[in-house]
> 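Input: one structure, supplied below.
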Amino acid sequence: MFKTLNDLDFAGRRVILRGDLNVPMRDGRVTDATRLDRLTPTITELADGGARIVVISHFGRPKGKTVPEMSLQPVVAALAKSLDGKAVAFASDCIGGAAEDAIAALPEGGVLLLENLRFHPGEEANDPEFAAALAALGDCYVNDAFSAAHRAHASTEGIAHKLPAAAGRNMEAELKALGAALDDPRRPLAAIVGGAKVSSKLAVLGHLVAKVDRLIIGGGMANTFLYAQGIAVGASLCEQDLADTARDILAQAEAQDCRIVLPEDAVVAAAFEAGAASEIVGLEAVPAEQMILDFGPKSITAIEAQLDDCRTLVWNGPLGAFEVPPFDTATVAVAKTAAALTESGKMTTVAGGGDTVAALVHAGVAERFSYVSTAGGAFLEWLEGRTLPGVAALQQG
Ligand code: 3PG
Ligand code: MG
């Protein structure tokens, strides 16, 4: 077990709070505040207890460099809103003088957000010096970023060994809820895995086929699997150099008796834009210069048939490019079917991931799922049964 806020003496202390503020954003505005809303109980408890709260997070994947479009500054207003209008200060760097000055100016119960951790290469490298620079800013450390706990980074792993450390309320709640739903799942157990992070998720699929009875593959990953089976995917998002890995996963699935479900038809368009002309085509007829942006009606029917007798569904990653209609059709249809199966008591549904939550909110069904996690990749790795470095560090610390 790990320490929680109950065990931490934080009154009057500077608390370094690792959140996951990697929220979906469009045109500089936060489009889904779920991750912020899940962080607020911890912030409020710390503030009410007289702590000075220094929130740290990554945003996007800037690869160790300052990328202005990946600043956390635009998240300040959204975080303040989640906190019912409480003031949130901002510092333009997560270590050094700018951070120190802002912390010194922080009143008891005050909240400060520091700039994107991943602007420094030391964050993802879990560099001990960078972890020490972060630790130097506070008196204790709270990790509430379950959704980043699969990363062994300075802010999720290294720092936990340098300060008195505890799990935040969201971290606690996530582990408890996922354990209750999935430690001994009702079967058949189906997983839908989609989204755009193809290469990092492919690795997870190889392990998932041993755990689930049916694996429905969506998003850019589905294109990679189609390509690996010799289907021409035109200009679609597809990682051709991962075709061998995809074929390996298909072979492992066969050996493990896991049924893989791939699309049977597709919605294609020349551009990923609202109102772009699109058409439904068979997989043999994807035009060379067009992109697959959603599953077609036959695929939707096939997925729904697969789900009908399943007792548990885990879902990470949308099926199509749901952000832009009409490419949200398959995701919305399957989300509604899963919600109805949940309500009839036939299925336990657990969904996770920033975009997945946004998609379910868009479909109007987030409240109707059994449990919605803030975590995507971390949730999949947890499901595999792996020890998450961010959780393990709290246990030792
Ligand atoms: C997520 O969005 O899944 C987490 O914030 C982790 O982001 P990452 O995949 O870039 O590490
Ligand atoms: Mg994400």
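Order of appearance sets the numbers: ligands from 1, and atoms from 1 within every ligand.
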> Between His362 and Asp328, is a side-chain hydrogen bond (donor to acceptor under 3.5 Å, both in side chains) present by the stated rule, with each step listed?
CA-CA 9 Å; His362 169 72; Asp328 58 340; 2.8 Å; yes
> Which atoms of ligand 1 are found less than 4.0 Å from any heavy atom of Arg61?
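It comes down to these atoms of ligand 1: 8 (P), 9 (O), 10 (O).
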> Okay, side chain of Asp265, backbone of Gly282: is any donor-acceptor separation there less than 3.5 Å?
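No, Asp265 side chain to Gly282 backbone: no donor-acceptor pair under 3.5 Å.
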> In ligand 1, which numbered atoms sit nearer than 4.0 Å to a non-hydrogen atom of Arg151?
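So the atoms of ligand 1 that pass are 8 (P), 9 (O), 11 (O).
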> Taking only residues two or more places apart in sequence, or in another chain, which ones meet Asp244 in a salt bridge (Lys or Arg N to Asp or Glu O under 4.0 Å)?
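Residues passing salt bridge (Lys or Arg N to Asp or Glu O under 4.0 Å) with Asp244: Arg247.
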> Provide the number and element of each atom of ligand 1 under 4.0 Å from a heavy atom of Asp20.
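Matching atoms, with element in brackets: 4 (C), 5 (O).
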> State, to 0.1 Å, how close Arg14 and Leu137 come at their nearest heavy-atom pair, and which atoms those are.
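Closest heavy-atom pair between Arg14 and Leu137: NH1-O, 3.3 Å.
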> Minimum distance, heavy atoms only, to atom 1 (C) of ligand 1: which one of Arg35, Glu124, His150 is it?
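It is Arg35 that holds the nearest heavy atom.
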> Only heavy atoms of Asn22, strictly under 4.0 Å: list the atoms of ligand 1 that pass.
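So the atoms of ligand 1 that pass are 1 (C), 2 (O), 4 (C), 5 (O), 7 (O).
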> Taking heavy atoms and a distance under 4.0 Å, where does Ser147 meet ligand 1: side chain, backbone, both or neither?
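Under 4.0 Å from ligand 1, Ser147 contributes backbone atoms alone.
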> Ser299 and Glu264: side-chain donor and acceptor closer than 3.5 Å?
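No, because no side-chain N or O of Ser299 sits under 3.5 Å from a partner of the opposite role on Glu264.
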> Taking 4.0 Å as the limit for heavy-atom contacts, which would you say applies to Arg118 with ligand 1: side chain only, backbone only, both, or neither?
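Side chain only.
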> Apply side-chain contact (heavy atoms from CB on, under 4.5 Å) to Asp93 and list each qualifying residue two or more places apart in sequence or on a separate chain.
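side-chain contact (heavy atoms from CB on, under 4.5 Å) check on Asp93 returns Ile95, Ala98, His120.
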